[in-house]
Amino acid sequence: MAPAFRERVLALVARIPEGHVMTYGQLALLAGQPGAARQVGFVMNSLMGSVSAGGNGLPWHRVINAQGRVSTHKVGFGDMQEGLLRAEGVVLDGVGRCDLAARQWWPEEERGAPPTPLL
DNA sequence: GTTGTGACTTTTT
DNA sequence: GAAAAAGCCACAA
């Protein structure tokens, strides 16, 4: 039986290497629910209150939207996320945007015939 | 069991 | 480039 959607997303987020990011739609797709990008974000928000409201060790800050922008600004974590990303080597511009084409990462498990661009 | 909401995505204007 | 609308599904009360 497939694990909970939440577990799936968290597992993927936990595998994101340093200096790389994943989009919500991407996580939703890998989790088996294409189009459920919103739920990915909701799961993350739930996770904050479920674990320790800090990150529990999950690089949730590596999760951004398809526009390569940080979505946590409206939740109040944008400032923190930007700091964490910059600390890992992710370059953010003045509008909190990053080079998604170069920073987006795909799990090796799905790298069978993937769009994995390069690095 | 039903209702409401949301850290999104994509296309179109 | 920016804004608006519709679609989508999971989690919480």
Side-chain angles (χ1 to χ4, degrees):
Chain A
M1 297 297 273
F5 183 80
R6 174 175 46 120
E7 296 294 315
R8 193 96 208 192
V9 173
L10 296 177
L12 287 164
V13 173
R15 291 173 190 177
I16 302 176
E18 193 175 292
H20 290 259
V21 296
M22 286 184 79
T23 67
Y24 292 92
Q26 189 182 349
L27 286 165
L29 182 72
L30 295 172
Q33 297 303 331
R38 301 191 71 172
Q39 275 51 282
V40 178
F42 189 72
V43 168
M44 293 299 213
N45 195 5
S46 298
L47 178 74
M48 292 298 187
S50 254
V51 183
S52 255
N56 68 51
L58 272 175
W60 59 268
H61 53 261
R62 293 177 188 151
V63 183
I64 58 178
N65 61 17
Q67 299 177 346
R69 257 199 254 169
V70 180
S71 317
T72 50
H73 277 292
K74 75 194 281 193
V75 226
F77 287 104
D79 197 28
M80 184 168 86
Q81 183 168 14
E82 281 190 37
L84 289 165
L85 288 173
R86 289 192 177 189
E88 296 188 350
V90 178
V91 182
L92 299 172
D93 55 19
V95 294
R97 221 159 49 171
C98 73
D99 192 343
L100 193 60
R103 296 289 170 183
Q104 187 172 21
W105 172 82
W106 287 82
E108 301 178 18
E109 302 170 358
E110 305 290 338
R111 247 199 321 160
T116 317
L118 43 68
L119 190 267

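A, B, ... follow the sequence lines: proteins, then strands. Residue 1 opens every chain. When reading the values below, keep in mind they use all heavy atoms of this one structure, side chains included, and skip hydrogens, waters and symmetry mates.
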Nucleotide by nucleotide, 5' to 3', does protein get under 4.0 Å of the base (B), only the sugar-phosphate (S), or neither (-) in nucleotides 7-13 of chain B, counting heavy atoms? BBSS---
Any residue meeting side chain to side chain contact (heavy atoms under 4.5 Å, CB included) with Gln33(A), in chain and number order, not counting sequence neighbours: Phe5(A), Ala36(A)
How would you list, by chain and number, every residue that makes a side-chain hydrogen bond (donor to acceptor under 3.5 Å, both in side chains) with Ser71(A), sequence neighbours excluded? Asn65(A)
Sort and list the pairs that fulfil side chain to side chain donor-acceptor pair (under 3.5 Å) and have at least one residue in residues 86-95 of chain A, not counting sequence neighbours. His61(A)-Glu88(A), Arg62(A)-Glu88(A)
Should side-chain heavy atoms under 4.5 Å link Ile, Leu, Val, Met, Phe, Trp and Tyr, which residues sit in the same cluster as Ile64(A)? Val21(A), Val70(A), Leu85(A), Val90(A), Leu92(A), Leu100(A)
Take atom CZ of Arg97(A) and atom P of dG1(C), then tell me their distance rounded to the nearest Å. 7 Å
Mind calculating the distance between CG (Leu29(A)) and P (dC8(C)) to the nearest angstrom? 16 Å
Listed partners of Asp79(A) passing side chain to side chain contact (heavy atoms under 4.5 Å, CB included), at least two apart: none
